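As structure tokens, the structure follows; a few thoughts come after it.
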Amino acid sequence: MSKITVHNQQRHKISKYLYGQFSEHLGRCIYEGLWVGEDSDIPNVNGIRSDVVQALKEIKVPVLRWPGGCFADEYHWRDGIGPREDRKKIVNTNWGGVVENNHFGTHEFFELCRQLNTEAYINGNVGSGTVQEMSEWVEYMTFNGISPMADLRAKNGHPDPWHVKFFGVGNESWGCGGNMRPEYYSDLYRRYQTFVRNYNGAEPIYKIASGPNIDDYNWMDVLMKNAAPLMDGISLHHYALASEWEDKRPALGFPEKEWFSLIKSAQKMDELVTKHSAIMDKYDPDKRVGLIVDEWGSWLAVEPGTNPGFLYQQNTIRDAMIAAITLHIFQDHADRVQMANIAQMVNVLQAMILTDGAKMVKTPTYYVFKMFLDHQDAETMVTDQQLAATTSVSVSKKDGEYLVSLCNYGLDAADDLQVDFDEAITAVTGEVLSGQVMDQHNDFDQPDAVAPEKLQNVQLSGQSVTATIPAMSVVTLHVKTSK
Ligand code: AHR
């Protein structure tokens, strides 16, 4: 039994950017998942596959991070411009040692953003790139006028500048981005970000420093102490694991204990955000600098028979629990967490979409993002909560309508829910995404095994709503007020 009292009192705004995505040159995320090329038999617009774009448009992706990840610190942007047949073929050293033909580069990325109607989050190369290279990329993308890089962009077919809203200065600089120490990286950050010029004075680029690995609180402290005034955001990466990092567990056919161990690992996000925020508060009490969780999600074993470097994993109702629980945590901390990007958009880790040739399926995670759409840019509300041990909740309000999202990650028992409001309620509707078995998932033969359905047992009585939240389910209640 869970009882929630919702007060008509705002806490803080939930940035729509908490619902951001990440697409890296890794496995089949970019190539096959998003980019098929103009000559492909798979229906596409300017080389980008239309079925995937259509599905992603339905979840209103607010921001897309690219080109990595670890790939970003080996990416040299000039390799990915100009006639495609002339582009350099390189080795993707981080991800499977495969050939990267650079057919998807800067122009193709902004075409994808245009089709998705999403903001660009570009991650620059500090690990193996120069300050000049980074600076010229920014000039190439954003300068509006006569300059060497703007002229080159025009020569390559795009006279107008693009809009770069977010820019990451390196990725995982403590690891694949250069194995640096925080003292050294914070100086490099200060230097590199100086040359990320704001050519569009009306909307300066939001600059993001490479932040800590999981619970490396020293990294956060050193970075904030040395560079906070020069950053708009600092990143944090945390992946949910069902066991140790070295012992990735399967996405399908797992035992009960791994249902709970994966969920527990995802719940650690709350502790990480709380503790990192406390350090940030020391240097930035006004919470100007955003905590940017630009990689999160479940990291499981690759599907049998697939390239271990491609990180292709199935996605089940357990991933839906991970998504709901983690998004609730971000919403609870939305005064500090200004953006989050699930890893990754297609065919990699906890993906929205899986593809196989011309076929495509939407994952349970995709449906959580869809069910939570109205949280984007809403206000979180003050609540009193007495929750069942396996229930997680978040309540927001936008345009006079509440969205109550819940997740019951218990395996057997349904949760009888009562939500009381302190204002008049005129109508309520509910949706549920649930599984009968722990690894229920969608695949190419059964693409709709997990999909949202109408929640049948929702009742409105005065200012109270009651409903039953099934085991292994994510539920949303849309509650209308008279305003
Ligand atoms: O998302 C996969 C990888 O995880 C990214 O490339 C890297 O930043 C992180 O370690």
Side-chain angles (χ1 to χ4, degrees), residues 20-31 33-34 63-75 90-98 100 104 109 121-129 166-180 185 189 208-216 219 223 233-242 244-246 248 251 265-266 268-269 272 291-303 306-313 315 319 322-323 326 339-354 363 365:
Q21 306 265 338
F22 172 36
S23 58
E24 180 168 9
H25 288 241
L26 194 179
R28 298 185 300 113
C29 181
I30 296 289
Y31 299 105
L34 291 159
V63 57
L64 182 57
R65 178 174 182 243
W66 174 82
C70 295
F71 184 80
D73 279 295
E74 275 199 311
Y75 183 60
I90 60 164
V91 183
N92 190 332
T93 49
N94 285 290
W95 305 117
V98 293
E100 160 65 59
F104 190 91
F109 174 67
Y121 172 6
I122 299 285
N123 210 116
N125 178 349
V126 171
S128 69
F166 301 97
F167 193 94
V169 181
N171 168 73
E172 297 196 350
S173 301
W174 41 264
C176 64
N179 284 305
M180 302 177 208
Y185 171 72
Y189 173 78
I208 300 169
S210 173
N213 181 26
I214 317 174
D215 55 359
D216 184 348
W219 183 282
L223 261 288
I234 181 162
S235 65
L236 167 67
H237 293 176
H238 168 58
Y239 285 96
L241 306 171
E244 299 304 309
W245 174 253
E246 300 74 24
K248 301 281 177 3
S265 176
K268 190 174 166 68
M269 186 68 85
L272 296 172
L291 185 58
I292 306 298
V293 190
D294 55 15
E295 290 186 29
W296 68 271
S298 61
W299 193 317
L300 301 164
V302 300
E303 290 309 307
T306 64
N307 187 328
F310 280 16
L311 309 186
Y312 177 74
Q313 63 191 46
N315 191 295
D319 292 271
I322 303 300
T326 309
M339 175 167 47
N341 308 74
I342 190 169
Q344 297 194 6
M345 194 176 232
V346 191
N347 289 333
V348 170
L349 298 174
Q350 190 175 345
M352 302 292 117
I353 303 239
L354 304 176
T363 66
T365 301

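Predicted, not measured: the structure shown is a model, and the values here were computed from it. Both ligands and their constituent atoms are indexed starting at 1 by order of listing. Atoms considered below: every heavy atom in the structure, side chains included; atoms not considered: hydrogens, waters and symmetry mates.
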Show me which atoms of ligand 1 lie under 4.0 Å from any heavy atom of [X].
| X | value |
| --- | --- |
| Cys70 | 5 (C), 6 (O), 7 (C), 8 (O) |
| Asn171 | 8 (O) |
| Leu349 | 1 (O), 2 (C) |
| Phe22 | 1 (O) |
| Gln344 | 1 (O), 2 (C) |
| Glu24 | 1 (O), 2 (C), 5 (C), 6 (O) |

At under 4.0 Å between heavy atoms, is it the side chain or the backbone of [X] that contacts ligand 1, or both, or neither?
| X | result |
| --- | --- |
| Val348 | neither |
| Asn94 | neither |
| Trp296 | neither |

Give a yes or no on whether the backbone of Gly69 and the side-chain of Asn171 come within a donor-acceptor separation of less than 3.5 Å.
->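 Yes, the answer is positive, given that a donor and an acceptor are paired below the 3.5 Å cut-off.
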
Give the residue, atom name and distance (to 0.1 Å) of the protein heavy atom nearest [atom].
| atom | value |
| --- | --- |
| atom 10 (O) of ligand 1 | Glu172 OE1, 2.8 Å |
| atom 1 (O) of ligand 1 | Tyr239 OH, 2.7 Å |
| atom 7 (C) of ligand 1 | Glu295 OE1, 3.3 Å |

Nearest-0.5 Å distance that lies between atom [atom1] in [X] and atom [atom2] in [Y]:
| X | Y | atom1 | atom2 | result |
| --- | --- | --- | --- | --- |
| Phe310 | Trp95 | CZ | CH2 | 11.5 Å |
| Leu349 | Leu311 | CG | CG | 5.0 Å |
| Leu241 | Lys248 | CG | NZ | 6.5 Å |
| Tyr239 | Asn213 | OH | CG | 10.5 Å |

So, do Trp219 and Tyr185 have ring centers that fall under 6.0 Å from each other?
-> yes

Heavy-atom closest contact (Ser173 atom, Ser210 atom, distance) | N-OG, 3.0 Å

For the residue pair Ser265 and His238, establish whether any side-chain heavy-atom pair is separated by less than 4.5 Å.
->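 Touching, per the 4.5 Å side-chain cut-off.
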
Would you say Phe71 contacts ligand 1, with heavy atoms under 4.0 Å as the rule?
->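 It does not, in that no heavy atom of Phe71 comes within the 4.0 Å cut-off of ligand 1.
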
Test side chain to side chain donor-acceptor pair (under 3.5 Å) applied to Asp319 - qualifying residues, sequence neighbours left out | Ser298, Thr316

